[in-house]
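A quick write-up on the structure given underneath.
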Protein chains: 2
Amino acid sequence: MAITLSDVAAKAGVSRSAVSRTFTEGASVSEKTRKKVLKAATELGYTPNYIARSLATQRTQLIGVICNNFKNPYLLEIFELLTSGLQARDLRPLLVNLTGGTDPEESVDQLTRYRVDAVILASSTLPTSFAQAFEKAGLPCIHLFGRAADNNNVCVVGINNEMGGEIAGKSLIEHGYQKPAFLGGPASATSTQDRLKGFERGLQNRGHSVAFTHFADNYSFEAGYDAMKTLLADRRDFDALFCGDDIIAMGALTAARENGICVPDELGLLGFNDTEMSRWPGVSVSTIAQPTEDIVRSAIELAQTILADPSRGAEARLYACKLIERGTLKPISDAKSR
Amino acid sequence: MAITLSDVAAKAGVSRSAVSRTFTEGASVSEKTRKKVLKAATELGYTPNYIARSLATQRTQLIGVICNNFKNPYLLEIFELLTSGLQARDLRPLLVNLTGGTDPEESVDQLTRYRVDAVILASSTLPTSFAQAFEKAGLPCIHLFGRAADNNNVCVVGINNEMGGEIAGKSLIEHGYQKPAFLGGPASATSTQDRLKGFERGLQNRGHSVAFTHFADNYSFEAGYDAMKTLLADRRDFDALFCGDDIIAMGALTAARENGICVPDELGLLGFNDTEMSRWPGVSVSTIAQPTEDIVRSAIELAQTILADPSRGAEARLYACKLIERGTLKPISDAKSR
DNA sequence: AACCATTTAGGAAACGGTTGCAAAATTATT
DNA sequence: AATAATTTTGCAACCGTTTCCTAAATGGTT
């Protein structure tokens with residue numbers, strides 16, 4: 001039923017090689033035969049079979065994309081960039097959802113079977129060992145938003161989370177808060193760990209320290225909301241909260257308002273990621289922005305580079321992040337801070 | 001470098017067929033050879049090559065998934081269900097992002113090249129002609145949340161949008177609103193068109209009519225917010241608003257509050273989809289729920305059924321939807337309505 | 001017109017599996 | 001123990017491409 005190369009070759013009166021070449025970028029065919037082939041191909045309605053091609057070329061143009069948090073709208077922004085970026089380069093995303101069973105072996109197998117050219121790990125909560133499992137299996141892996149440990153051999157594209165935390169700490173103090181606390185994502189997430197570390201440093205540099213640390217169960221509204229409720233029920237003493245993600249900040253903000261707490265006067269709130277939601281009128285949470293677009297683009301480019309030259313070593317590309325001031329921070333006091 | 005079937009066969013001292021059979025569900029191999037093969041395979045670290053297998057079997061186990069609105073968090077809920085549902089059945093989603101250039105031909109080509117077994121069109125805004133383009137190309141297509149036109153030959157799994165609209169109309173009246181208006185998604189979306197139709201009918205049945213209709217540019221917070229701002233600036237006369245989606249309702253709600261309008265007393269608000277966000281404390285928008293989980297599961301099952309029996313005709317599976325009462329509708333007046 | 005340098009074309013062997021078929025091995029039946 | 005029925009095995013062809021290699025065609029020089 002399906003039209004193949006041979007059908008086109010027969011109809012055009014040329015060899016199969018000739019047909020193959022017309023559909024291969026940069027192959028040598030005369031203008032005359034190309035015309036003939038193209039004509040026959042459109043008449044027959046031929047579409048090249050990339051599965052067969054992949055078998056012959058040992059390249060699938062498939063990129064495995066691994067995700068594990070579908071509760072965070074930020075993922076959607078990443079998806080949008082990732083999918084459009086990949087397909088603009090003639091690559092196709094093959095999705096793996098890790099929610100539920102987080103077994104590296106299983107997902108490695110899934111993707112190896114399809115011989116994906118590379119894997120993009122789109123998660124800040126997975127340990128570096130996860131990415132290494134892919135490398136070990138011979139799959140080039142790029143850990144998007146991962147931690148750039150110095151001893152490992154896997155590519156990372158993201159930000160310096162410690163720096164992000166430091167900026168957060170510095171900013172809260174500058175905006176006149178005295179007892180800043182930390183509400184991270186899950187304690188096991190490297191992003192949370194690193195942001196906390198930087199946060200502590202940022203506060204110490206200014207002679208302060210973190211009031212307390214608390215971890216939400218995951219990066220979601222609900223987790224942020226519940227965590228804040230707990231903090232308030234426990235009557236914890238704090239006047240500012242650095243949250244591990246905008247969605248957590250959003251949950252915390254809602255809980256705070258429900259308890260009649262005035263943001264930003266009684267409580268300063270800082271999120272992370274500068275998601276679209278944080279910009280919404282009526283929400284307007286101040287946040288630490290990472291250049292998501294640059295990061296995703298860079299990751300895709302890096303993937304291509306590695307494919308072109310597999311001997312290339314691992315590389316970390318870390319971008320700077322910056323404070324975005326919105327409604328959940330009180331204005332910097334006229335004292336000569338800064 | 002990569003281990004192949006032949007390597008395993010050689011090591012195990014059996015034929016290539018024997019190895020193939022051990023890795024094929026339900027093929028005939030003796031326990032003895034299976035053991036030998038498995039042993040050799042694990043020692044060598046063999047992983048079957050699904051690309052090669054696909055070429056031989058004419059089945060890729062790939063399902064094309066097409067999306068076009070990454071601004072709506074509802075999509076994330078769908079993704080979660082879709083990806084986990086597919087991989088539970090040993091199918092893999094191959095993503096196509098339609099945002100930007102919405103060219104059917106192009107995406108048909110992309111997916112035909114990879115010989116996906118079927119296509120799931122996850123969008124309520126695309127015309128039915130889009131789905132038909134896939135069918136014409138020989139790709140079984142399931143239009144998730146699509147319109148079930150009676151004359152077409154493509155599968156649809158979703159809800160009866162007219163019925164959803166009718167429930168909305170009925171509910172607004174029952175809750176005591178007098179001048180209900182309609183704020184849909186883009187006017188070109190079949191879901192919006194059908195919901196409007198049902199809405200009008202629902203109102204008429206109770207002796208009312210729609211105050212006016214307005215269409216947001218797309219299914220997004222921003223579009224809902226902007227639309228509401230326009231309506232308010234124009235001093236439109238309405239006391240209830242049926243929105244085409246929760247995210248639009250959310251934008252509208254925010255705009256209304258900014259203008260000091262009291263919801264639900266001065267303005268009733270009704271969303272659609274019962275998204276997680278609509279349940280958030282502090283948001284709590286009343287909404288029309290569709291059984292998303294059932295719908296997605298059903299779509300996947302239908303895909304499998306069609307694959308098993310390609311001669312099967314098109315089929316529409318429409319689910320009922322229902323009102324979820326939350327904070328944006330005033331309580332039903334003690335008058336004897338209902 | 002004869003020669004050489006370049007392009008272009010075709011044949012055939014991969015790529016890594018599956019599967020129909022016939023032969024071999026096993027098990028069941030008498 | 002011989003035979004029949006059944007299961008297991010291996011061979012070889014095939015799935016739809018690419019690509020190396022050699023041969024043919026083309027074009028440019030003298």
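Computation of the quantities below employed the complete heavy-atom set of this structure, encompassing side-chain atoms and omitting hydrogens, waters and symmetry-equivalent molecules. Throughout, protein chains are lettered first and strands after them, A, B, ... in sequence-line order, and every chain is numbered starting at 1.
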Practice item. Dump the intermediate steps for side chain to side chain contact (heavy atoms under 4.5 Å, CB included) on A:Val19 and A:Val14, then the final yes or no. Key: CA-CA 7 Å; A:Val19 180; A:Val14 297; 4.0 Å; yes
**Study point:** Global bending angle along the helix from C:dA1-D:dT30 to C:dT30-D:dA1, which compares the axes of five pairs at either end, to 10 degrees
**Key:**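 End-to-end axis angle for the helix from C:dA1-D:dT30 to C:dT30-D:dA1: 30°, rounded to 10°.
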Closer than 3.5 angstrom, by distance alone: can the side chain of [X] be matched with the main-chain N or O of [Y] as a donor-acceptor pair?
| X | Y | result |
| --- | --- | --- |
| A:Asn69 | A:Tyr219 | yes |
| B:His143 | B:Ser123 | yes |
| A:Asn72 | A:Leu75 | no |

**Study point:** Residue pair B:Ala299 / B:Ile142: nearest heavy atoms and the distance that separates them
**Key:** O-CD1, 3.4 Å
Review point. Is there any ring pair (Phe, Tyr, Trp, His ring centres under 6.0 Å) pair reaching into residues 13-44 of chain B, and which pairs are they, with sequence neighbours excluded?
Key: B:Phe23-B:Tyr46
Revision key, fill the gap. In short, salt bridge (Lys or Arg N to Asp or Glu O under 4.0 Å) pairs touching residues 49-68 of chain B with sequence neighbours left out are none
Point to revise | salt bridge (Lys or Arg N to Asp or Glu O under 4.0 Å) contacts in which one or both residues fall within residues 298-316 of chain A, not counting sequence neighbours | key: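 Every pair satisfying salt bridge (Lys or Arg N to Asp or Glu O under 4.0 Å) with a residue in residues 298-316 of chain A: A:Arg89-A:Glu301, A:Arg312-A:Glu315, A:Glu315-A:Arg317.
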Check your understanding: With a non-hydrogen cut-off below 4.0 angstrom, is B:Ser28 in contact with a base, only sugar-phosphate, or nothing?
Key ->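 Base contact - B:Ser28 has a heavy atom under 4.0 Å of at least one base atom.
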Review point. Is B:Ser54 touching bases, backbone alone, or none of the nucleic acid, heavy atoms closer than 4.0 Å?
Key: nothing
Rounded off to whole Å, could you give me the [atom1]-to-[atom2] distance for the [X] and [N] pair?
| X | N | atom1 | atom2 | result |
| --- | --- | --- | --- | --- |
| B:Arg34 | D:dT9 | CZ | C1' | 15 Å |
| A:Tyr50 | D:dC15 | OH | C1' | 19 Å |
| B:Tyr114 | D:dG16 | OH | P | 18 Å |

Practice item. Give a yes-or-no answer on whether the side chains of A:Tyr114 and B:Ser54 include a donor-acceptor pair shorter than 3.5 Å. Key: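 Short answer, no.
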Point to revise | B:Asn49 side chain to B:Thr4 side chain, donor-acceptor N/O pair below 3.5 angstrom | key: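 No, no side-chain donor-acceptor contact under 3.5 Å.
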Practice item. Output yes when at least one side-chain N/O atom of A:Ser30 is less than 4.0 Å from OP1 or OP2 of C:dA9, else no. Key: yes
Review point. Can we say B:Arg297 and B:Glu293 salt-bridge, meaning some charged N sits less than 4.0 Å from an Asp/Glu carboxylate O?
Key: no
Revision key, fill the gap. Letter by letter from the 5' end, nucleotides 23-28 of chain D scores (B base, S sugar-phosphate only, - none; protein heavy atoms under 4.0 Å) ------
Check your understanding: Taking protein heavy atoms under 4.0 Å as touching, what does nucleotides 13-22 of chain C look like 5' to 3' if B marks base contact, S marks sugar-phosphate-only contact and - marks none?
Key -> --BBBBBB--
